[in-house]
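Here is how names work: the chains are called A, B, and so on, in the same order as the sequence lines, proteins then strands, and each is numbered from 1.
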Amino acid sequence: MIRWGLCCVFREAPIKFGDTTAAAIARLDRPAGREKLARLCRQNAASLAAAVEYCAEHGIGCFRVNSRILPLCTHPQFGYRLEELPGGKEIVAQFRACRKAAKRRGLRLSFHPDQFVVLNSPRADVVEASIRELEYHATVAEWIGADVINIHAGGVFGNRAAALDAFAENFARLSRPARSRLTIENDDKLFAPAQLLPLCRRLGIPLVYDVHHHRCLADGLSVAEATAEALSTWNREPLFHISSPINGWDGPQPNRHHDEVDPRDFPRCWLPLDLTVEVEAKGKEPAVLKLKQAIDRRLRRRTSAW
DNA sequence: AGCGGTCAAGTTGAT
DNA sequence: ATCAACTTGACCGCT
């Protein structure tokens, strides 16, 4: 069975996650700023609970949690530990309740930290900030029961092999909760599956196979081959990504995402798998449900033809 | 109430 | 040298 994944936000369902800016917090005195951050965290815990319920009710089996679920948590000036904010312990309990709800509803949760996490950067300050960010993700992941924290391999910095070695070195500095959840994803510009698979095996971490990126950045592996190789890196249900190009495969900027996913872009070889597929589409939950229905129809045709 | 510019952070490659 | 792109909008100050 395919478990369908929704990324971060809702387009039609009335579920909103709150956010703020460092500039806005800087304008407040410290108590007011911490009150505001606590309010946003409380709102986001409630919204995550609502997201879990919505997904479970609508046949969406996985939800990717936005990295800003605790706004500015790792900010050098305004960062905080949630337990220390006003009412923070209760908010942590709200997040822990999301874990129970997700488990009860069979929902998988994941993270995809943003582009500022560059574990293999030659800049020590960037690596420190990246580790801090991944440890924050791991903390929240433990609260809510997320089993995937997915990042890209990072930059090339003039030497691909050295860049992958640097990733491995800094990976070793992560805590066990972070390491056990970390996954890497092939990207559309620098690292294709064939380059990441050896690193995955060396570190014992899974490859999140993004077939759209693979179609943008080829490596000699077919989709079926990359699928098989990626599957073998997983010690739990594999998680892959799907999306469609905004202007078609022959149009400009084929790496940019369309609002919806063309069912023809869904690899045939994924159909029989037990697999989580996160749908990266601006169309959000309607796009996920539309693709799910199209693939369900295809599966029924296949079954009846049998 | 609605609008548009802005938002902590990195790296790459297109212009 | 600047800027958009990336997992993605939401905030906030202005009218």
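- With A:F191 as the aromatic partner, A:R160 meets the cation-pi criteria of under 6.0 angstrom to the ring centre and within 45 degrees of the ring axis.
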Nucleic acid footprint by protein, nucleotides 2-7 of chain B - heavy-atom cut-off 4.0 Å, B for base, S for sugar-phosphate alone: -----S
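- C:dC6 and B:dG2 have their P atoms separated by 29 Å, given to the nearest Å.
- Remark: the separation of the P atoms in C:dT7 and B:dG13 is 16 Å, to the nearest Å.
- Contacts between residues 179-187 of chain A and DNA chain C, counted as heavy-atom distances below 4.0 Å, involve no residue at all.
- For the strand DNA chain C, secondary-structure stems (runs of at least three Watson-Crick or G-U pairs, all distances below 3.5 Å) span B:1-7 with C:9-15, B:10-15 with C:1-6.
- Within a 6.0 Å radius of CZ in A:R176, no more than 12 heavy atoms belonging to other residues, nucleotides or ligands are found.
- Of the residues in residues 42-75 of chain A, those placing a heavy atom less than 4.0 Å from an atom of DNA chain B are A:R68, A:L72, A:T74, A:H75, in numerical order.
- Side chains of A:S121 and A:F167 form no contact here, defined as non-hydrogen atoms less than 4.5 Å apart.
- In this structure, A:P76 reaches the bases: a heavy-atom distance under 4.0 Å links it to at least one base atom across the strands shown.
- A donor and an acceptor atom, one from each side chain of A:R108 and A:T276, are located under 3.5 Å apart.
- Side-chain N or O atoms of A:W4 include none that pairs as donor or acceptor with a backbone N or O of A:L289 at under 3.5 Å.
- A:K282 and A:D259 are not joined by a salt bridge, as no carboxylate oxygen comes within less than 4.0 angstrom of a charged side-chain nitrogen.
- Side-chain contact annotation: A:H112 with A:E278, donor-acceptor N/O pair under 3.5 Å absent.
- Within residues 155-162 of chain A, the residues approaching DNA chain B are A:G155, A:V156, A:F157, by heavy-atom distance under 4.0 Å.
- Between A:K189 and C:dA4 there is no side-chain polar atom (N or O) within less than 4.0 angstrom of OP1 or OP2.
- If you look at A:Y209 and A:H214, their ring centroids are closer than 6.0 Å.
- Comparing A:I25 and A:K282 by the nucleotide of DNA chain C whose heavy atom lies nearest to each, the residue mapping closer to the 5' end is A:K282.
- Remark: the backbone N or O of A:A226 is not paired with any side-chain donor or acceptor of A:E229 at under 3.5 angstrom.
- Nucleic acid contact for A:G18: sugar-phosphate only, since backbone atoms but no base atoms lie under 4.0 Å from a heavy atom of the residue.
- Using a 4.0 Å heavy-atom criterion, one finds that A:F78 contacts no nucleic acid atom at all.
- Across all strands, A:D114 comes closer than 4.0 Å to base atoms (heavy-atom distances).
- Of all nucleotides listed (C:dT8, C:dA10, C:dC12), C:dA10 comes nearest to the side chain of A:K16.
- Under the 6.0 Å cut-off for aromatic ring centres, A:H212 and A:H258 do not qualify, their centroids lying 6.0 Å or more apart.
- Under 3.5 Å, the side chains of A:S244 and A:D262 contain no donor-acceptor pair of N or O atoms.
- A salt bridge links A:R64 with A:E280; the closest basic N to acidic carboxylate O contact falls under 4.0 Å.
- Using a 4.0 Å cut-off on heavy atoms, the residues of residues 115-150 of chain A that approach DNA chain C are A:Q115, listed by number.
- Under the 3.5 Å distance criterion, with hydrogens and angles disregarded, a donor-acceptor pair is assigned to the side chains of A:H241 and A:E185.
- Remark: A:E237 engages A:R3 in a salt bridge, criterion side-chain N to carboxylate O under 4.0 Å.
- Taking the six-membered ring for Trp and the full ring otherwise, the centers of A:F10 and A:F63 sit less than 6.0 Å from each other.
- OP1 or OP2 of C:dT7 lies within a sub-4.0 Å distance of a side-chain N or O belonging to A:H152.
- Not one N or O on the side chain of A:T183 forms a donor-acceptor pair closer than 3.5 Å with the backbone of A:V148.
- At a threshold of 4.5 Å between non-hydrogen side-chain atoms, the residues A:P206 and A:R236 count as touching.
- Here the two rings, on A:W143 and A:Y136, have centers that are 6.0 Å apart or farther.
- Counted within 6.0 Å of CZ on A:R201, heavy atoms from surrounding residues, nucleotides or ligands total more than 12; the atom is thus considered enclosed.
- C:dG9 atom C1' lies 14 Å from atom CG of A:D259, rounded to whole Å.
- Nearest-nucleotide assignment on DNA chain C puts the 5′-proximal partner with A:C8, out of A:C8 and A:R39.
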